[in-house]
Each structure stands twice: as structure tokens, then as C-alpha cells.
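Take a look at the structure set out below.
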Amino acid sequence: MSYGRITGWATNLPERVLTNDDLAEMVDTSDEWITARSGIKSRHIDGTVTEMSAIAGRAAMAMAGVDADQVDLLLLATTTADQQFPASASVVQHELGLTCGAVDMNAACSGFVYGLVTAMQFMNGSVDRILLIGADALSGIVDWTDRGTCVLFGDGAGAVVLERTGDEPSLLGWDLMSDGSAADILYCDHGGTIVMHGKEVFRRAVMAMTDSATNAIARAGVTADDISIVVPHQANVRIIEASLKRLGIPMERTAIVLGHTGNTSAASIPLALVDAIDNDRIAPGDLVLMVGFGAGMSSAAAVLRWDPPAS
Ligand code: UT7
């Protein structure tokens, strides 16, 4: 029996950078306020989901040494597909020369973890290789006159290749949640812009992150002390601090990139994961806790034993 594991990874951020000072020229805000309330200093904008996904996906496949005709499934977690239809996954599939099935998944900012858990279920069956991408272009649906939201969001993509080549299970525990009764506190209508009740989202986010992470850790049969690094959704550093405090995990054990990415929704966890890998913060055998929350309200957590192929 072989198990699914991550064998390739890559990210993409669009070129254009928007700093807090740039925003201060657009709305009544300041670098000081944005930094203190969110931890964000700058974000990348003007990306498209298909373009960023194709770049990150191609690089992740190259790293894994996987050819286009070897990929069995493309899962694209996004809440900002380029068009209402077709799915952006179909466009990315063609761009990468894949011949497999391709589908968009929308679980908002929890999308990448939902996608990871879904991909791992396929790998428990007979699927050998999956390309999983988390990508969002939130700059296209932000109301640039609303200082309560426009300072928070950005664009980006992160991709991983999963292959059924592990000797032991990699996904040890997971949790997927949704509370549709809170669907009206964070939403975007077709053709509209992001509407957010920030304080309520903040309050629920801390509870959802803590609950999902606690469930995934328990199902993995480990404790918070066993977690080597937390890769949380990058919405607000204060949300991460409050959640980790409740979980009893120190901030030194967290991957944070939101300072230069802002909140990139489904891309935020793979962006932080790849940053942690690139900075040698994750070693083989380490337990990685990924935990996200977002519109829905959705939340999702996964405890992954890091099992990269020997280099
Ligand atoms: O993926 C999930 C997506 N969303 C989130 O995770 C967001 C969750 N919420 C948050 O991160 C925080 O609630 C915010 C960062 C959005 C806001 O922080 P806060 O500490 O909750 O501030 P607040 O909404 O209570 O606003 C405090 C003050 C208000 O002024 P008054 O009423 O005290 O005079 C706001 O009008 O700050 C004002 N304000 C701003 N001031 C300068 C709101 N936005 C800004 C701004 N610049 N950009």
C-alpha cells in the first residue's frame, strides 16, 4: 500500500505591489493603522486566477518531475475564478497540457485545506497524481473606496503535486466545518464587491480556527506540543495570535507571510507553506498543522506528516 504525499510545490504572486502608503493615498487610512490592526505592509494585485495558477502549477510539476500526461486530476481551490464559467481549472488544465479531469472548488479561504483533504481521499483509492492549486485574485472584487476591506486583500497562487508514493500515511488527521448561518457576515454577490462585518468575522475566525485545529490534532492522535509548525490562513496576525494562544502553541512555531501578501484567500496557506519550506523551517517527519477559515463561514484543518521525496 502506498500513501499520498506532497512531492512538488511552487507559488506565484503578480508583479504589481500595492503598499500601505499607496493605500493611504486612495482612502482615509495609514501604514500605522493597517500594520497595527492586521500585520499587513503590502500586497500583490492585478493577477488573474488562471495565469497565477498556471505559473505555480507548471513549476510544482517541474519540481516533482511529473509530466502533463501523468496528472490524474486537477483541483483548483478558488473563490475568484476568472469567469462565472467555465471553471478556471479547465483553462489551467489546457494551459498546462493536462488531459485529466479538472474542477474548481469554492470553500473560500478554507479552500486549499478542503482541496488537500479531498485529494488525499482520492489517493486512498486508485488515483496516483493530483495537482492541487489554491489561487485567488481578490483585487478584482475589492471595493477600493471601502477602507474596512480594501487594505486587507491581495492576489496569489500556490500549487502542490500529490503523489501516491509514500510508505506511511502523510495526512494524519483533518477537520472540515461549515456554519452557513454566518453566510451574511462575509460575502460577494455576482458582479459585486466584498462585504465584510470585520469584528464579527474576527470573533468567529478565532473560534473556528481553534475548534478545527483542535479536532484535527485529536483525530491525528497527537497533541499541540507535537506540532512542529502551524501554517494558518493569512488574514490578520491578531487572529493568528489569538488562535495559537488558545491552542497553546507559541508564535515562533508559525509560518507568516501576510506582511507582504495580505489575505490571498485560498492561496494564503500554500504561500505560507512554501515560504516555510524554502526557509528550512520544515524537516522530514515534522508535523505540520494547516488551518484556515473564511466565508461560509467555513473552516478546515489538517495535520500532515512532512514526507518529501529524498533529494
Ligand atoms: O479571510 C477572512 C477575511 N476577513 C478577516 O479575517 C477579517 C477579520 N476582521 C479583522 O481583521 C478586523 O476586524 C479588521 C482588520 C477588519 C478591523 O480591525 P478592528 O480592530 O476590528 O477595527 P474596527 O473595525 O473596530 O475599527 C476601529 C476603528 C473604527 O473607527 P471608530 O469607529 O473607532 O472611529 C474604524 O472606522 O478603525 C476605523 N477603521 C480604519 N481606520 C483607518 C477601519 N478601517 C480603517 C482603516 N484605516 N483601513
Side-chain angles (χ1 to χ4, degrees), residues 20 23 27-29 33-41 43 45 77-80 105-114 134 136-156 175-190 192-216 230-247 251 254 256-259 261-269 271-272 290-301:
N20 290 351
L23 279 162
V27 288
D28 183 12
T29 191
W33 191 96
I34 303 168
T35 305
R37 301 289 177 123
S38 72
I40 299 164
K41 299 292 287 183
R43 68 290 290 146
I45 62 164
T78 186
T79 186
T80 50
M105 295 178 64
N106 183 350
C109 306
S110 311
F112 183 81
V113 179
Y114 261 81
D136 267 304
L138 296 159
S139 66
I141 57 164
V142 155
D143 175 354
W144 291 106
T145 65
D146 175 13
R147 68 176 184 172
T149 53
C150 74
V151 302
L152 300 176
F153 298 103
D155 304 345
D175 183 67
L176 304 180
M177 286 208 226
S178 174
D179 177 3
S181 70
D184 60 350
I185 65 171
L186 175 57
Y187 63 91
C188 178
D189 287 327
H190 286 302
T193 51
I194 296 174
V195 178
M196 183 178 79
H197 301 280
K199 271 205 176 309
E200 187 56 12
V201 173
F202 191 113
R203 194 180 70 80
R204 287 175 179 262
V206 174
M207 290 191 299
M209 294 249 291
T210 312
D211 289 351
S212 248
T214 302
N215 291 342
V230 182
V231 183
H233 173 44
Q234 310 282 307
N236 185 326
V237 75
R238 289 160 52 218
I239 293 176
I240 298 172
E241 282 166 357
S243 309
L244 288 205
K245 195 172 173 197
R246 286 169 183 230
L247 290 167
M251 279 297 279
T254 319
I256 305 229
V257 294
L258 59 77
T261 64
N263 179 348
T264 57
S265 194
S268 89
I269 287 179
L271 284 172
M290 299 182 209
V291 55
F293 69 90
M297 296 254 321
S298 64
S299 56

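Atom set for the values below is all heavy atoms of this structure, side chains included, hydrogens, waters and symmetry mates excluded.
Looking at D146 and T149, their side chains do bring a donor and an acceptor atom within 3.5 Å of each other. Looking at N236 and S38, their side chains never bring a donor and an acceptor atom within 3.5 Å of each other. D136 and T264 share no donor-acceptor pair across their side chains, judged by distance under 3.5 Å alone.
Within the 4.5 Å cutoff, no side-chain heavy atoms of S299 are placed close to those of D211. A 4.5 Å side-chain heavy-atom check between L258 and K41 finds every atom pair outside the cut-off. The shortest side-chain heavy-atom distance between W144 and L23 falls under the 4.5 Å cut-off. Here the side chains of V27 and C150 are in contact, with some heavy-atom distance below 4.5 Å.
Minimum heavy-atom separation, T79 to A108: CB-CA, 4.2 Å. Between L186 and G294 the shortest heavy-atom distance is CD2-C, 4.5 Å. Here the shortest heavy-atom pairing between A267 and G156 reads CB-O, 3.2 Å. Across all non-hydrogen atoms, the minimal contact from G39 to V237 is CA-CG1, 3.9 Å. Heavy atoms only, all atoms of each residue included: M297 and A205 are closest at CE-N, 4.1 Å. Closest non-hydrogen pair, T210 versus S243, comes out as OG1-CA, 4.0 Å.
The line from CZ of F293 to CG of D179 is 14.0 Å long, rounded to the nearest 0.5 Å. With values rounded to the nearest 0.5 angstrom, Y187 atom OH is found 9.0 Å from T193 atom OG1. To the nearest 0.5 angstrom, I269 atom CD1 is 7.5 Å from S110 atom OG. For the atom pair CG of D143 and CE of M196, the computed distance is 12.0 Å after rounding to the nearest 0.5 Å. Expressed to the nearest 0.5 Å, how far CG of N20 lies from CD1 of I34 amounts to 4.0 Å. Put simply, CE on M105 and CZ on F112 are 11.0 Å apart, with the number rounded to the nearest 0.5 Å.
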Yes or no on side-chain contact (heavy atoms from CB on, under 4.5 Å) for V291 and H233, after CA distance, side-chain angles and deciding distance? CA-CA 6 Å; V291 55; H233 173 44; over 6 Å; no
Evaluate M251 against I256 for side-chain contact (heavy atoms from CB on, under 4.5 Å), listing each step before the verdict. CA-CA 9 Å; M251 279 297 279; I256 305 229; 3.8 Å; yes
Does the side-chain contact (heavy atoms from CB on, under 4.5 Å) test come out yes or no for I40 and V151, once each step is laid out? CA-CA 8 Å; I40 299 164; V151 302; over 6 Å; no
side-chain contact (heavy atoms from CB on, under 4.5 Å) between R246 and V206, worked out: CA-CA 9 Å; R246 286 169 183 230; V206 174; 3.6 Å; yes
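The pair R43-D155 fails the salt-bridge criterion, with no side-chain N (NZ, NE, NH1 or NH2) lying under 4.0 Å from an Asp/Glu carboxylate O. Salt-bridge formation is not detected for the pair R238/E241: no Lys NZ or Arg NE/NH1/NH2 atom is positioned less than 4.0 Å from an Asp or Glu carboxylate oxygen.
A donor-acceptor pair under 3.5 Å links the side-chain atoms of Q234 to the main chain of V257, judged by distance alone. At distances below 3.5 Å, at least one donor-acceptor pair connects side-chain atoms of R147 with backbone N or O atoms of D28.
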